[in-house]
S.K.: 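Please find one structure pasted underneath; my questions will follow.
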2 protein chains.
Amino acid sequence: MRYHRDDVVDRALVVLDAYGLADLTMRRLGGELGVQPSALYHHFPNKQSLLAAVADELLERGRRTPRPSGWDARVEAVCTELREAMLAYRDGAELVATVRAFGLGAGTPYDELVAALTDGDLDPALVPTAARTLLHYVFGHTVDEQTHLQAGSVGAIEDAPREDSDFALGLQIVVDGIRALAGAGSR
Amino acid sequence: MRYHRDDVVDRALVVLDAYGLADLTMRRLGGELGVQPSALYHHFPNKQSLLAAVADELLERGRRTPRPSGWDARVEAVCTELREAMLAYRDGAELVATVRAFGLGAGTPYDELVAALTDGDLDPALVPTAARTLLHYVFGHTVDEQTHLQAGSVGAIEDAPREDSDFALGLQIVVDGIRALAGAGSR
DNA sequence: ACCTGAACACCGTTCAAGT
DNA sequence: ACCTGAACACCGTTCAAGT
């Protein structure tokens, strides 16, 4: 059977969710598709760009488009959506963080945060730093959370609500910090 | 020649700084020591615990002990020291973040932040979240920073001061956010 | 355009055996 | 206590060749 790029990405997400990022190897993915590992190099120049495509698709699937009005509610919506998109797949947070680390893909959340903060009358010189600080929080928290959720397989149901409100609390710290900085400035 | 644990850690830091985390393999480290890779398993049960020991030693070497008084100045001192310790070795931030991700070592900065925040009269229920939020920021920013510094080999001298003040700005956001939360509470 | 088959240059880890 | 030598079960990537 013959595949193209999107089939490979789809199957990679299945393998990721079933076996985790460490087992998402070119050889294993080839095996799942009934194809030699070298065949994947027809679709992607290397594993990094395959992972970037998988991360982008994962984020795409997590999009819930209607955004609230008000810059702070919009910032919170973007961050919450990002977290939930990553939690929806096993090792999703680690995957997206890894892809971001080597400078590929996943630029959409950053751009959305920049747009929201700009609408909030934040000094333009502070916008990129504020946006990146939000992303560092979301990635850091969600990677930790997902690691621990997967570690304690049983009893995860009880921990889930505490994690939700803990995420909201840390997010509130960062957003309040941005508000403090905005207040000290032009407004 | 015969080594013990500390010799192996010392040499691992040399290899890390010279060749980077990706090339810090059991085989390469063995080679640098003039020893079979399997010999390293006499000193460490696996690579993860070797890396944890290397990360701990890296942080140990970065300690500049006198701490300022005032909870916020102390928080900033801990975060700045942590960043500088990681920047002192190639891929230092990635190493420490990786070790932290699989739940080993590097608990000292967290404990110090908890102590500082507790002294700052922050509601004890908020202290762990505030401390982890600070760490997410420091790790996220420093990993990004170190990746980009290493990418643009030339001209890094010009970028350094901008990175310093950018780190301080993001840190101010988080600290101000904590202050806002503290103000809303018991004080 | 999409894939095979074979190879290259690596990994971490185990384990019996040596000193 | 510290190390050797050999093996096991893997990796990502390249490349000539096939359809």
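First the proteins, then the strands, lettered A, B, ... as listed; each starts at 1.
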S.K.: With C1' as the reference atom in both, quote the distance from D:dC3 to C:dA16 in angstrom, rounded to an integer.
M.R.: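 One C1' to the other, the span is 13 Å.
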
S.K.: Using atom types as modelled and distance alone, determine if a side-chain donor or acceptor of A:Asp111 lies under 3.5 Å from a backbone N or O of A:Val114.
M.R.: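 No; judged by distance alone, with no hydrogens or angles, the pair does not exist.
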
S.K.: Between D:dA1 atom P and B:Phe44 atom CZ, what is the distance in whole Å?
M.R.: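 To the nearest whole Å, that distance equals 16 Å.
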
S.K.: Has B:Gln36 got a side-chain N or O lying under 4.0 Å from the OP1 or OP2 atom of D:dC3?
M.R.: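 No.
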
S.K.: Write down the distance separating the P atoms in C:dC2 and D:dA17, rounded off to the nearest Å.
M.R.: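 To the nearest whole Å, 22 Å.
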
S.K.: Yes or no on side-chain contact (heavy atoms from CB on, under 4.5 Å) for B:Leu58 and B:Val54, after CA distance, side-chain angles and deciding distance?
M.R.: CA-CA 6 Å; B:Leu58 183 152; B:Val54 174; 5.5 Å; no

S.K.: Show me the donor-acceptor pairs within less than 3.5 Å that the side chains of residues 125-139 of chain B make with the rest of the protein, sequence neighbours left out.
M.R.:
residue, atom, partner, partner atom, Å
B:Thr129, OG1, A:Asp166, OD1, 2.5
B:Arg132, NH2, A:Asp166, OD1, 3.4
B:Arg132, NH2, A:Asp166, OD2, 2.3
B:Thr133, OG1, B:Thr129, O, 2.7
B:His136, ND1, B:Arg132, O, 3.2
B:His136, NE2, A:Gly140, O, 3.3
B:His136, NE2, A:Asp144, OD2, 3.0
B:Tyr137, OH, B:Phe167, O, 2.8

S.K.: Is it true that B:Val143 and B:Tyr89 fall in one hydrophobic cluster, defined by side-chain heavy atoms closer than 4.5 Å?
M.R.: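 In one cluster with B:Val143: B:Tyr89, no.
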
S.K.: Give every residue pair that meets the salt bridge (Lys or Arg N to Asp or Glu O under 4.0 Å) criterion with at least one member in residues 8-20 of chain B, sequence neighbours excluded.
M.R.: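 Qualifying pairs: B:Asp10-B:Arg61.
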
S.K.: CG/B:Leu21 to CZ/B:Arg90 distance, rounded to the nearest 0.5 angstrom?
M.R.: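 If I round to the nearest 0.5 Å, the distance is 10.0 Å.
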
S.K.: What pattern of brackets, bars and dots sums up DNA chain D from 5' to 3', given Watson-Crick or G-U wobble pairs under 3.5 Å, [ ] for crossing pairs and | for another strand?
M.R.: ||.|||||...|||||.||

S.K.: Just jot down the ring-ring contact (aromatic ring centres under 6.0 Å, His included) partners of A:Tyr3, sequence neighbours excluded, or say none.
M.R.: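 Partners of A:Tyr3 by the ring-ring contact (aromatic ring centres under 6.0 Å, His included) criterion come out as none, since no residue qualifies.
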
S.K.: For B:Tyr3 and C:dT19, give me the distance from atom OH to atom P, rounded to whole Å.
M.R.: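 About 20 Å, once rounded to whole Å.
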
S.K.: Tell me the interatomic distance from A:Leu24, atom CG, to D:dC10, atom C1', rounded to whole angstroms.
M.R.: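 After rounding, the reported distance stands at 15 Å.
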
S.K.: What interatomic distance, in whole Å, is found between P of C:dC10 and the corresponding atom of D:dA9?
M.R.: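 Going atom to atom, P in each nucleotide, I get 22 Å.
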
S.K.: In this structure, how many angstroms lie between the C1' atom of C:dA9 and the CG atom of B:Asp23, rounded?
M.R.: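 Taking atom C1' of C:dA9 as the reference, CG of B:Asp23 is at 13 Å.
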
S.K.: Whole-Å distance between C:dT19 P and B:His42 NE2?
M.R.: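 Going from NE2 in B:His42 over to P in C:dT19 covers 17 Å.
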
S.K.: Could you state the atom-to-atom distance from CG of A:Leu50 to C1' of D:dG12 in whole Å?
M.R.: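 It is 12 Å, rounded to the nearest whole Å.
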
S.K.: Side chain of B:His43 only, please: which of D:dC2, C:dC2, C:dC11 is the nearest?
M.R.: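 Selected nucleotide: D:dC2.
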
S.K.: Take A:Arg67 and A:Val78 through the test side-chain contact (heavy atoms from CB on, under 4.5 Å) and record every step on the way to the result.
M.R.: CA-CA 8 Å; A:Arg67 295 274 182 247; A:Val78 171; 3.7 Å; yes

S.K.: Report the nucleotide, chosen from D:dT4, C:dC2, D:dA1, that has the shortest atom-to-atom distance to any side-chain atom of B:Val35.
M.R.: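 Comparing D:dT4, C:dC2, D:dA1 against the side chain of B:Val35, the answer is D:dT4.
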
S.K.: Please determine, for the side chain of A:Thr25, which listed nucleotide (C:dC11, D:dC2, D:dG12) has the closest atom?
M.R.: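 From the listed options, D:dG12 comes nearest.
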
S.K.: For residues 23-36 of chain A, which side-chain N or O atoms pair as donor and acceptor with protein atoms under 3.5 Å away, sequence neighbours left out?
M.R.:
residue, atom, partner, partner atom, Å
A:Thr25, OG1, A:Arg28, N, 2.9

S.K.: Which atoms of nucleotides 13-17 of chain D (N or O only) lie under 3.5 Å from a protein N or O atom, and what are those distances?
M.R.:
residue, atom, partner, partner atom, Å
D:dT13, OP2, A:Tyr41, OH, 2.7
D:dT13, OP2, A:Lys47, N, 2.8
D:dT13, O5', A:Tyr41, OH, 3.3

